[in-house]
Amino acid sequence: MAYSDKVVDHYTNPRNIGTLDKSKNTVGTGLVGAPECGDVMRLQIEVNHETGIIEDAKFKTFGCGSAIASSSLATEWLKGKSIDEALKIDNMEIVEELALPPVKIHCSVLAEDAIRSAINDYRAKNGLEPIESEKTHF
Amino acid sequence: MLKLPIYLDNNSTTQVDPRVFEAMTPYFLEAYGNAASKSHPFGWKSEEAVDYAREQIAQLIGGNEKEIIFTSGATESNNLAIKGVFEMYASKGNHIITLSTEHKAILDTCKHLEKLGAEVTYLSVAGDGLVTVEAIEAAIKPNTILVTVMYGNNELGVLQPIREIGALCKSKGVLFHSDATQAVGKIPVDVMADHIDLMSFTAHKMYGPKGVGALYVRRKNPRVKVTAQMDGGGHERGMRSGTLNVPGIVGFGKACEIARLEMAEESVRLQKMRDRLEEALLQLEESYLNGNKTHRLPHTSNISFKYVEGEGLMMGIKDIAVSSGSACTSASLEPSYVLKSLGLDDELAHSSLRFGLGRFTTDEEIDFTVQCVSEAVNKLRDMSPLWEMFKEGIDLKSIEWSEH
């Protein structure tokens, strides 16, 4: 199976690898996936309390090239977005942008889950209710 | 001058040796007769070539040329051996013993037979991938008709105690089949000394062409027969019908001859390179060798690089062709069942690479591989959340993972 140029680009030059200080209440962390499934994504956002804008995003991913590319792309898209805008990111947009084959769609699902999970962690830290996912995959 | 990409996937298949290719060529354009045509020189010439190949093959495994049944490959040989024995010896019993780490051609054949009334025992292996003779002995029952144990494992390279198992089966009057696909042509295999009654092997794992294999079927002490699984012209002593693949068989014969003459030297050379590769890669922190270190094929190494996912790693070493036990490389999304049978943690099973060296592997290629794999492992660990947690002393088992 050949990878798309965009997957190769994100894999070779991943954007925003790193770790944010999870003790800060401006930082939300999402850790999704499981080692036994062969994919674990950790996605972190740093939100400006005043503006509600995601000012920084970082990731670390254990997984295949498509999983790494999906999370790298997600951090790129998150920066500069409001929380509401970020929640609108749909896994199929990731699939389209990276030209993921059907067998790799779960990587994009995981990235979307990671975004939601990071946002909910941020909300929980700041005394807000978690946002339930409205959509179910499959 | 190093030529890329590098092929280190010789357990999957091998390059045809140019000498084999050369031996085959006349049988496409000139001597194209059907080996079963008894009435003209075209047929005679092909039959002669097939008979010669049969001798070359029998000589490599210590058998007689009349005991070689040609098939399309090891998968067919395994099917024929197990299904053929199950049918032929139905009056003697219905119990088959095998291992959980066998190739799918064995396991799925056994599962198929279970639906037809077979009773199958799938023995588990120890953490090093080996089964003990005692475990086999304990599993043998009055209705056991067949024990089937692979010679060398395709993923790990570990060698089962075949000679001891063969002796046990002989003493118990149970037939013994071995899938020796990875072993024949790589290490000395002798059906007499090993007490093997049926043995599957194939040309393309030992520098021969794809699409031709053999099933060794013992003719004396005991005389073994298998029920044919395909109906037709009654070729191969009635056990396998179908026009013989003459060029393929000629190539198979030549490959066996070369293996017999060069194996001693070649296996030493390959083992030296393999050990050098392995020692260098095991220098990396949290890297582990899978399978028994001693009882092993000389050209195979299976290593897990913990906290790095196998397919992601293969993408980072795109100039090197290897295979991985990771889920993502298969359609099933399940990590290698062989590695799981060893009791490996899932993250180790997902993190494995199999290196299969071969006749055409060079020292320069090994040097390049060591450098390339080390760099990729380090790069991926820098972006692995599991590696970060490990470095912080967090027990990954203490985390509630969200399954998906």
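Protein chains get the first letters and strands the later ones, always in sequence-line order, with residue 1 at the start of each.
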**Item:** Contacts with chain A made by residues 382-390 of chain B (heavy-atom distance under 4.5 Å), listed by residue number
**Value:**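 So far as heavy atoms go, B:D382, B:M383, B:S384, B:P385, B:L386, B:E388, B:M389 are the residues that approach chain A to under 4.5 Å.
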
| Which residues in residues 277-285 of chain B have a heavy atom less than 4.5 Å from any heavy atom of chain A? |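 Those residues of residues 277-285 of chain B which would need a heavy atom under 4.5 Å from chain A do not exist here.
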
In terms of heavy-atom contacts, does [atom1] of [X] have more than 12 from other residues, nucleotides or ligands at under 6.0 Å?
| X | atom1 | value |
| --- | --- | --- |
| A:E96 | CD | no |
| A:D21 | CG | yes |
| B:E392 | CD | yes |
| B:K318 | NZ | no |
| A:K6 | NZ | no |

Is there side-chain contact between A:Y11 and B:L380, with heavy atoms separated by less than 4.5 Å?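 Yes; the side chains approach each other to less than 4.5 Å.
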
Specify the closest pair of heavy atoms between A:F62 and B:Y307, including all atoms of both residues, with the distance to one decimal.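 Between these two residues, the closest heavy atoms are CD1-O, 3.3 Å.
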
| query | To the nearest 0.5 Å, how far apart are CD1 in A:I68 and CE in B:M315? | reply |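 Between atom CD1 of A:I68 and atom CE of B:M315 there are 7.5 Å.
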
Check side-chain hydrogen bond (donor to acceptor under 3.5 Å, both in side chains) between A:T75 and all other residues, then give those that pass, not counting sequence neighbours.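 Partners of A:T75 by the side-chain hydrogen bond (donor to acceptor under 3.5 Å, both in side chains) criterion, ordered by chain and then number, come out as A:N16.
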
Worksheet entry | All salt bridge (Lys or Arg N to Asp or Glu O under 4.0 Å) counterparts of B:D367, not counting sequence neighbours |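 Only B:R276 meet the salt bridge (Lys or Arg N to Asp or Glu O under 4.0 Å) criterion with B:D367.
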
salt_bridge(B:E311, A:K104) N-O dist < 4.0 Å: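 Looking at A:K104 together with B:E311, the answer is yes, because their closest N to O distance falls below 4.0 Å.
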
Exercise. Against chain A, label B:K379 side chain, backbone, both or neither, depending on which of its atoms sit under 4.5 Å from a heavy atom there.
Key: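 The side chain, not the backbone.
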
Original post:
Can A:C37 and B:W401 be said to form a side-chain contact (heavy atoms from CB on, under 4.5 Å), step by step?
Top reply: CA-CA 10 Å; A:C37 301; B:W401 298 103; over 6 Å; no

query: Of all of A:S71, A:G63, A:G65, which one pairs up most often with chain B through heavy atoms under 4.5 Å apart?
result: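 The candidate making the most pairs under 4.5 Å is A:G63.
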
